[in-house]
Structures are given as structure tokens and as C-alpha cells.
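Here is the structure we will look at, set down as C-alpha cells.
Note that the numbering runs from 1 along the sequence shown for the chain. These numbers come from the heavy atoms of this one structure, side chains and all, not from hydrogens, waters or symmetry mates. Counting starts at 1 for both ligands and their atoms, in listed order.
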Amino acid sequence: MDSTVHQPKAPVRGRLAPSPTGHLHLGNIWSFLLCWLDVRSAGGTLVLRMEDIDPDRSRPEYAEDIMRDLEWLGIDWDEGPDRGGPYGPYTQSERLDRYAEVMDRLESMGLTYPCFCTRKELRSLASAPHAGDFGPAYPGTCLHLSPAQRAALVAEGRHATIRLHGTHDNVSFTDRLRGTVTMSWAECGGDFPLRRSDGVVSYQLAVAVDDMDQRITSVVRGDDILHCTPRQILLHELLGATPPLYAHVPLVLDAQGERLAKRHRHYEIRMLRERGVSAQAIIGYLAARAGLLAAPAPARPQDFAAGFDIARIAPVPVILEPDIEDILAELSRR
Ligand code: GLU
């Protein structure tokens, strides 16, 4: 008898993981809506996690506004900073002791090394194959420093970044939209920081530890993060955890083909709301772009949960029409 047949499937747990470094825009909501539908269609649990690990860029006011925008849109969650849950705290800045504990563990396993390269030195690296935004792959400059060389650099007053030494040449994983994705360690940026020289824990470490500790089984997020996934999978493996299933959804671009960013103020949810755009217009517009409606019409997230299948989302960017604001205004009047 096939023993796998009777194994109960683990309940689905997904997460919305905004960084409170700005206001939510249409691009964030596109990913969050698809994540919400994926989890709700499976009867799963949604965690809201505030990724405020970078003290220079995060602000508590943004966290408040993010929760307000999500609630207004009808994208709800079951566990989070505002309502607690069994795997809290759900705000990264409240979990620093836990990250330090994991750092110690990785250090004691001999998997890390101090890197004394300055930003300037890193910037001047010759361009090497890489994917994503983080520039050339780190070539391992500080990997083979002797203890004496390290001590000398510390004596000079240099503070070290702690990097994880990659143990695989290639990492493959299955993405629910793209199928098998294989990337070399260099394409993922090479040995990456776990802790910056100013003591701030890296996004990669915090996300992997949180996904592990919060029992996340399914990650739906923008495909700008695809190149980070091999790093996070490696962390799960080194820490003895099963990585979640990943789905990297296409990005939303403006009519010129640029990624939505802070300067696109007019695509911020709060801005649209102030201009009289309704929550149902935003959801209905995005649902139509996801192929869930034949044409945009006012709608609520729960209208699409039954039978939702993330694998059917076309892996091509969503390009906003030049007159997107008029489209949303017209939908809001219906
Ligand atoms: N906090 C990240 C962001 O806002 C998302 C991280 C993730 O989904 O893994 O870009």
C-alpha cells in the first residue's frame, strides 16, 4: 500500500509580509491579493508580518497605514501584530533575540565568515553574472583570511559583515508559476550577508527564520525576489526545516514599463482612496488583470476565492494603462 495516500496534508499557512518603508501601492496589492486568494481558497491561515528589520527605512506610521489599507480593501489576516497568534511576535524588530540565536547556531556550525570589505570595495567589483538588483556576485574576497589577518583588520577598527558561505553550486526549486528554477550561487549574489557590519540582521535571515518559526507552508510574492529564494531555501535546509512552496508572481509596471516605486505616489492606495476610488474598483481591476474577470467590474476579494488556482496566473508583467486613474474612477462610480 502506498503510505503517502493517507498522509494528511499540512494545513496551508501563508503570509503577507510588507516592509513598512512606505505606503502600499497597486503593485503590493496585486501580490497580496493573489497571496490572500491562494491561502483562502485552500481554507488556510494568513499571517501578517511586519518586516521592519531595517531601522533606517522602517517607520511605525507606515505599519499602521499598511494595516488600514489592507483592511479597507478586504484583505484580512488571522495572525499578526495587531491580533497576536501562536507564533508571534509578528513584527521583526521584536524578534532580534531569535535572529541572534540562529546567527550563533550558524556560526557554531562553521558556515559563516567575517567580511571586512567596505561598500566602496564591493561597488568596485567587476560585473559578474547576477540576477536581480544586488549587483555583482560577492567573489569571496574575505573567505580565506587567516585569523591573524582578521585580527589585524579588527584592530584597524573595521567592523565585519557576517556572510554565509554557500555550500551548493546550483540551487533548484519548483516555483508554482514557473516550474523548475535553477540558479547558480553566483547568479544569486554569492555568499551573502546574514548580519551587516552595523549589526542589523539581513532580510534573508529574518525572512527564512520567520517563515520557519511561523510554520509558513506557502509563499506568494513578487518575482523581484526570485533571486533571493535559493538563499532562503539554503537557510531552511541548514537549519533542518522544510522550505515552503514558492510562487513568484509577475510585477506590476507603469505604462512606461517601470516598476512601481515610491515616486509613483498616485498609485498609492491611500492616494487613490482620497481621490474617491473605491476598494471594490481596485480589487475588481486587479482581478480582471489576473484573468479572474472577463472585464474589470467592482468586486471583493472573497468573490474569487472559490476554485482560485495560482498556477493559472500568466507569468508576464501587468502593465498599467496610461489612463488607469480614469479606469478606476469610472469603476468606482458603478
Ligand atoms: N518584505 C518584503 C518586501 O516588502 C517581502 C518579503 C517576502 O515576501 O519574502 O519586499
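Within the structure, salt bridge (Lys or Arg N to Asp or Glu O under 4.0 Å) pairs that include any residue of residues 17-45 comprise D38-R176, R40-D76, R40-D78 (at least two apart or interchain).
Nearest protein neighbour of atom 4 (O) of ligand 1, counting heavy atoms only, is S19 OG, 3.2 Å. Atom 5 (C) of ligand 1 has A17 O, 3.4 Å as its closest protein atom, hydrogens excluded (heavy atom only). Among protein heavy atoms, the minimum distance from atom 9 (O) of ligand 1 is reached at R221 NH1, 2.7 Å. Of the protein's non-hydrogen atoms, E51 OE1, 3.2 Å is the one closest to atom 6 (C) of ligand 1. Nearest protein neighbour of atom 10 (O) of ligand 1, counting heavy atoms only, is I225 CD1, 4.0 Å.
Between W185 and F192, the ring planes are tilted. Angles from 30° to 60° get that label. Below 30°, between 30° and 60°, or above 60°: for H248 and Y246 the angle between ring planes is below 30°, a parallel geometry.
Closest approach of Y285 and P296 over heavy atoms only: CA-CB, 4.2 Å.
Annotation for D169: atom CG does not count as buried by contact number, only 12 or fewer foreign heavy atoms lying within 6.0 Å.
The shortest N or O to N or O distance between Q232 and ligand 1 is not under 3.5 Å. By the 3.5 Å distance cut-off applied to N or O atoms, V207 is not counted among the residues near ligand 1.
Using 4.0 Å as the threshold, R15 has a heavy atom nearer than that to some atom of ligand 1.
For R300, the salt bridge (charged side-chain N to carboxylate O under 4.0 Å, His left out) partners two or more places apart in sequence, or in a different chain, are D303.
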